[in-house]
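Below is one structure; the comments refer to it alone.
A, B, ... follow the sequence lines: proteins, then strands. Residue 1 opens every chain. Note that the coordinates shown come from a computational prediction; the quantities given were computed from them, not determined experimentally.
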Number of protein chains: 2
Amino acid sequence: MSATKIRNMEEFAAISGISRPTVSKYFNDPNSVRKSTRERIEAALEQHDYRPNIYAINQNRRLTKNIGIVVPYLADPFFTEIARRIERLCIEASFRPILFSSHGEQALEIENLESLRSIKPAGVLLAPLGRASDRVVIEEFCADVPTVLFDSNIEKVGEAFVGSDNFSFVSQTVEYLTRTGEPPSFFEMRTPANPNANKRRLAYIQMMERLGFDPNIIKISGEGWAFEEIGRRGALKILEQGALPTNAVLCSNDRLAIGFLAACYELGIKVGREPDCTLRVASNDDHPFSRFTCPSLTTAAHDYEAVSNRSVETLLELIENGGRFATRTETLFPAKLVLRASA
Amino acid sequence: MSATKIRNMEEFAAISGISRPTVSKYFNDPNSVRKSTRERIEAALEQHDYRPNIYAINQNRRLTKNIGIVVPYLADPFFTEIARRIERLCIEASFRPILFSSHGEQALEIENLESLRSIKPAGVLLAPLGRASDRVVIEEFCADVPTVLFDSNIEKVGEAFVGSDNFSFVSQTVEYLTRTGEPPSFFEMRTPANPNANKRRLAYIQMMERLGFDPNIIKISGEGWAFEEIGRRGALKILEQGALPTNAVLCSNDRLAIGFLAACYELGIKVGREPDCTLRVASNDDHPFSRFTCPSLTTAAHDYEAVSNRSVETLLELIENGGRFATRTETLFPAKLVLRASA
DNA sequence: AACAAATTTTTACGCGCGTAAAATTTTGAG
DNA sequence: CTCAAAATTTTACGCGCGTAAAAATTTGTT
């Protein structure tokens with residue numbers, strides 16, 4: 001590329017020998033101009049690498065090419081992984097993804113939505129905080145901005161929801177534990193941050209009853225998003241007072257399970273399916289780190305690919321469709337059981 | 001707030017009874033207008049909640065209020081943690097942070113820098129990929145955009161660097177291991193992604209020689225950013241063939257150590273300082289998860305707060321200073337040794 | 001009360017591009 | 001070569017706000 005620096009589209013149009021409106025048309029859709037014109041523009045582009053001013057572009061457009069992505073807690077590698085996939089898919093669809101994390105705080109979630117409003121995005125993929133969310137704020141946001149919820153549902157809010165089927169998670173882990181040993185207790189936070197936790201508890205109860213066992217739920221205390229530490233402390237307490245009524249435990253999610261396993265290790269309790277083990281621990285999510293726990297964690301895996309693909313597909317469809325769907329759809333993907341050493 | 005929707009600053013100015021240029025001045029700096037005027041504007045603001053169009057604002061401004069944050073790999077909770085802190089500090093300084101992850105790929109790092117260019121940020125905090133970075137591209141970027149490097153240094157690039165003092169990390173872990181037992185081997189990737197790894201190796205060699213021991217470096221193969229899996233496979237290989245020459249191991253970073261500990265567990269090797277343990281493992285970083293490994297990981301901790309604070313401080317100073325410093329400074333913060341169960 | 005300083009208002013222009021409408025050129029079919 | 005269709009160019013205006021300069025007003029001081 002040459003050293004000549006182009007200030008605006010006017011100059012670039014002059015250099016490439018094409019009128020500015022046609023150049024403008026090219027940048028909005030290269031296929032909307034004649035092939036010979038396109039080639040001339042692209043030749044000039046290689047010489048001078050000009051890019052239209054993004055602020056000027058968006059000022060006069062109803063909908064920008066921005067897609068907002070909001071996750072509740074980016075320090076959770078589950079969300080990092082989903083966000084990574086979603087970002088890539090947006091870029092491939094020639095949109096500009098912008099990532100926000102609410103860091104577990106209601107105030108930040110609200111702030112993120114306000115920031116998004118001012119960016120005038122074509123659409124938003126929102127994984128809400130859950131219990132900590134301000135429902136009214138989110139409703140108002142969704143009324144103004146085409147939004148697809150993912151991971152964590154809020155009933156009737158947003159144009160669609162894409163997530164995982166919690167019943168599929170729990171039914172598989174409960175069934176597996178029961179079939180290969182004894183029925184598990186269910187280990188969870190007393191006041192879960194996320195609605196998925198509630199669905200998992202209900203699924204556990206339903207599965208246990210279906211199999212003819214009494215449900216046994218262990219609720220531990222703790223607030224916030226430091227699930228590992230909450231799980232560890234909760235497990236230490238339960239295990240130290242010998243309050244565990246079963247020899248198998250199903251944790252509501254992998255991050256709690258990571259803490260649970262740490263507690264077992266500290267107390268010298270051997271976890272796994274080997275003969276010398278006294279406890280089996282399974283969980284749900286297939287968190288990126290669950291491969292490296294000690295022992296490695298048996299868990300029901302999210303279909304990361306399906307969830308992220310469908311989320312983006314749905315949003316693009318929504319954008320195509322002018323921002324509204326006739327009916328709100330909820331898409332749930334089943335889990336895949338991943339057998340490792342812990343159960 | 002009332003239902004009347006304001007389209008632009010003109011309308012809002014009319015409603016609040018103030019001229020548009022004065023309103024504009026208010027939004028750029030509320031303290032630049034008379035108190036009575038400020039109060040009238042803020043009263044109107046509560047009634048009608050108007051926000052200036054962000055694209056129109058930035059079109060005519062030399063420097064926007066945007067701050068770009070680029071990290072090499074957001075799935076690494078170390079970077080998530082740093083990013084979270086930096087974001088917060090930027091918001092407190094009334095800037096708009098925008099987070100990008102290069103996901104370990106050179107192409108994405110370049111793309112991120114291009115995106116940042118088009119956003120015309122006031123400044124950028126960049127943690128480069130390291131070995132995988134295109135030095136020329138980053139140099140050119142830094143020449144155009146006021147940039148502070150953090151975490152991973154590139155010599156002479158950017159207006160300043162803020163990071164951790166690798167020698168401080170390794171000297172403390174080596175000294176501790178040696179003092180309380182035997183000198184460690186050093187466990188690292190053959191071709192590390194990050195220049196910090198090289199500094200840590202050199203520090204290890206230097207410390208060992210200073211203490212009068214022969215350095216012993218174990219280099220394992222593997223590419224990419226899946227450090228845990230690379231560490232696990234490497235450790236399995238070494239341990240299975242009994243090629244470990246010492247009873248203490250210092251891992252270059254915590255993510256490798258997480259894999260190393262997983263391998264030890266799989267092989268039934270007891271790690272720690274208890275009498276029945278045959279191996280001690282320490283590491284560097286204090287990764288957010290190193291608290292939950294089995295056994296919990298003894299490690300040299302980054303001063304997360306100091307690094308993020310100083311990074312933002314330095315960038316704000318740079319912005320104040322018009323985007324250039326007379327001399328390029330490099331600030332390194334020492335590590336704090338965190339003793340846990342693994343060594 | 002008078003006056004200089006500080007602040008606000010008025011007026012006016014420009015940023016870089018989207019986009020509509022009319023005029024012109026190019027393309028492709030016959 | 002002719003002509004209609006398609007694509008492009010010309011022309012012109014607007015988006016929402018920053019900002020400069022000059023005029024008018026308010027403020028604080030003596």
Side-chain angles (χ1 to χ4, degrees), chain A residues 4-45 48-66 94 96 115 117-122, chain B residues 4-45 48-66 94 96 115 117-122:
Chain A
T4 41
K5 292 202 176 171
I6 285 129
R7 298 169 165 274
N8 53 37
M9 197 179 278
E10 191 85 49
E11 282 188 25
F12 177 75
I15 286 175
S16 58
I18 311 276
S19 75
R20 190 183 65 73
T22 304
V23 172
S24 168
K25 214 177 171 197
Y26 167 85
F27 278 107
N28 283 319
D29 179 8
N31 288 316
S32 68
V33 302
R34 201 188 301 153
K35 191 184 168 196
S36 60
T37 310
R38 181 165 58 246
E39 282 164 354
R40 285 171 69 190
I41 292 177
E42 280 162 1
L45 221 42
H48 304 279
D49 87 324
Y50 155 79
R51 294 185 63 168
N53 179 304
I54 210 168
Y55 298 108
I57 286 178
N58 286 325
Q59 181 165 2
N60 283 342
R61 252 221 271 271
R62 283 184 197 170
L63 85 168
T64 66
K65 279 284 190 178
N66 298 327
S94 68
R96 310 182 73 253
S115 288
R117 267 198 153 94
S118 70
I119 289 172
K120 302 189 193 306
Chain B
T4 40
K5 293 202 176 171
I6 284 131
R7 298 169 164 274
N8 53 36
M9 198 179 275
E10 192 85 49
E11 282 188 26
F12 177 75
I15 286 175
S16 59
I18 311 276
S19 75
R20 189 183 67 72
T22 305
V23 172
S24 169
K25 213 176 170 200
Y26 166 85
F27 277 107
N28 282 317
D29 178 7
N31 288 316
S32 68
V33 303
R34 199 188 303 155
K35 191 184 168 195
S36 61
T37 310
R38 182 164 59 247
E39 281 164 354
R40 284 170 70 190
I41 292 177
E42 279 162 1
L45 219 44
H48 303 278
D49 87 324
Y50 155 78
R51 294 185 63 169
N53 180 304
I54 210 167
Y55 298 108
I57 286 177
N58 287 325
Q59 180 164 4
N60 283 344
R61 251 221 270 274
R62 284 182 196 170
L63 85 168
T64 66
K65 279 284 189 178
N66 298 326
S94 68
R96 309 182 75 253
S115 288
R117 266 198 152 94
S118 69
I119 288 172
K120 303 189 192 304

Sugar-phosphate, base or nothing in reach of A:S36, heavy atoms under 4.0 Å: nothing

Sugar-phosphate only, base, or nothing, as touched by B:F12 at under 4.0 Å among non-hydrogen atoms: nothing

Residues forming a salt bridge (Lys or Arg N to Asp or Glu O under 4.0 Å) with [X], sequence neighbours excluded:
X: A:R117; answer: A:D144
X: A:E10; answer: A:R20
X: A:R38; answer: none

Most 5' of B:R20 and B:R40 on DNA chain C, judged by nearest nucleotide: B:R40

Report all side-chain donor-acceptor pairs from residues 25-34 of chain A shorter than 3.5 Å, counting only partners two or more places apart or in another chain.
residue	atom	partner	partner atom	Å
A:Y26	OH	A:E42	OE2	2.9
A:N28	OD1	A:R61	NH1	2.5
A:N28	ND2	A:S24	O	3.3
A:D29	OD1	A:N31	N	3.1
A:S32	OG	A:K25	O	3.4
A:S32	OG	A:D29	O	2.7

Least distance between heavy atoms, A:Q59 atom then B:A56 atom: NE2-CB, 3.7 Å

Minimum side-chain heavy-atom gap B:N58-B:I54 below 4.5 Å: yes

Covered region of DNA chain C, 5' end to 3' end, by chain B [heavy atoms, under 4.0 Å]: C:dT7 to C:dG16

Most 5' of B:N53 and A:K35 on DNA chain D, judged by nearest nucleotide: A:K35

Nearest-0.5 Å distance, CZ of residue A:R7 to CG of residue A:N53: 13.0 Å

Interface residues of residues 24-34 of chain B with DNA chain C (non-hydrogen, below 4.0 angstrom): B:S32, B:V33, B:R34

